Amino acid sequence: MRALVWALVICLGLSGCASLKEFFSPAPAAPPLRSAPAPVEPPAPPVPPPVAPAMVAPPAPPPPQRPVSPGDSPFRATPPPPEPSPSPPPAVLSPQVSTEEDARVRGDAQNRMTGTETLLRQVGSKKLGGQQQENFRIIESLLASAKDALYARDTLRARTLAEKAYLLAEDLVRSLR
């Protein structure tokens with residue numbers, strides 16, 4: 001162990017580490033204390049001879065600077081991009097169905113949503129355990145998404161979400177019995 005420490009000290013000493021040299025060098029001796037001599041005034045600098053006025057252009061004024069706000073970085077080269085204008089929501093991509101088929105699918109979705117709400121009212125969220133409480137929240141989320149899809153006239157998606165919510169609600173009711 002001691003050999004390792006000495007090897008480390010020797011390696012550092014040979015590598016030219018300035019702080020290590022200062023560590024091993026003796027401290028400089030303090031200068032002897034003497035009374036301070038009277039201050040001597042330095043000679044006045046020579047005054048240059050007067051120069052005839054020349055045609056010198058005045059210095060150009062600096063360019064105006066914009067105020068810096070706390071969030072700005074002095075290193076930013078480009079201004080921040082402008083805020084995008086709100087655009088309408090993207091069009092819903094869904095298969096084209098006939099008006100009759102759309103009405104039937106809409107009715108199925110509404111029936112499933114009504115059935116799911118009925119089942120959720122029977123359950124009551126206060127008497128549920130941990131996983132059952134999580135399932136209850138998922139069912140509510142699916143039901144809200146189905147309503148949003150129905151509002152957006154995406155009836156096939158609304159029916160699918162309502163069906164999933166209904167099946168989960170049925171399983172939740174069965175697990176409580």
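From a predicted model like this one, the values you see are computed outputs, not experimental measurements.
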Next on the checklist: If the test is side chain to side chain contact (heavy atoms under 4.5 Å, CB included), which one of T160, L150, D108 qualifies with T155?
Outcome noted: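 Answer to the side chain to side chain contact (heavy atoms under 4.5 Å, CB included) test with T155 among T160, L150, D108: L150.
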
Next on the checklist: Applying the side chain to side chain contact (heavy atoms under 4.5 Å, CB included) criterion to R159, which one of R112, R106, R104 satisfies it?
Outcome noted: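 For R159, the side chain to side chain contact (heavy atoms under 4.5 Å, CB included) check succeeds only for R104.
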
Can you tell if the side chain of [X] reaches within under 4.5 Å of the side chain of [Y], non-hydrogen atoms only?
X	Y	value
L168	N135	no
L142	I138	yes
E170	Y166	yes
M113	T116	no

So how far is it from [X] [atom1] to [Y] [atom2], rounded to the nearest 0.5 Å?
X	Y	atom1	atom2	answer
E140	S145	CD	OG	11.5 Å
L120	L172	CG	CG	7.5 Å
L161	K164	CG	NZ	6.5 Å

Checklist entry - What is the minimum heavy-atom distance between A158 and A146, and which atoms define it? => result CB-O, 3.5 Å

Checklist outcome for this item: A109 and A162 have their tightest heavy-atom pair at O-CB, 3.7 Å

Item to check | Q110 side chain vs G107 backbone, donor-acceptor pair below 3.5 Å | outcome: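 No; judged by distance alone, with no hydrogens or angles, the pair does not exist.
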
Checklist entry - For Q122, which residues count as a side chain to side chain contact (heavy atoms under 4.5 Å, CB included) partner, sequence neighbours excluded? => result T118, L119, V173

Item to check | Under the side chain to side chain contact (heavy atoms under 4.5 Å, CB included) test, residues paired with E117 that sit two or more places apart | outcome: R121, L143, K147

Checklist entry - Between L167 and V123, is there a shared hydrophobic cluster once you connect ILVMFWY residues whose side-chain heavy atoms come closer than 4.5 Å? => result no

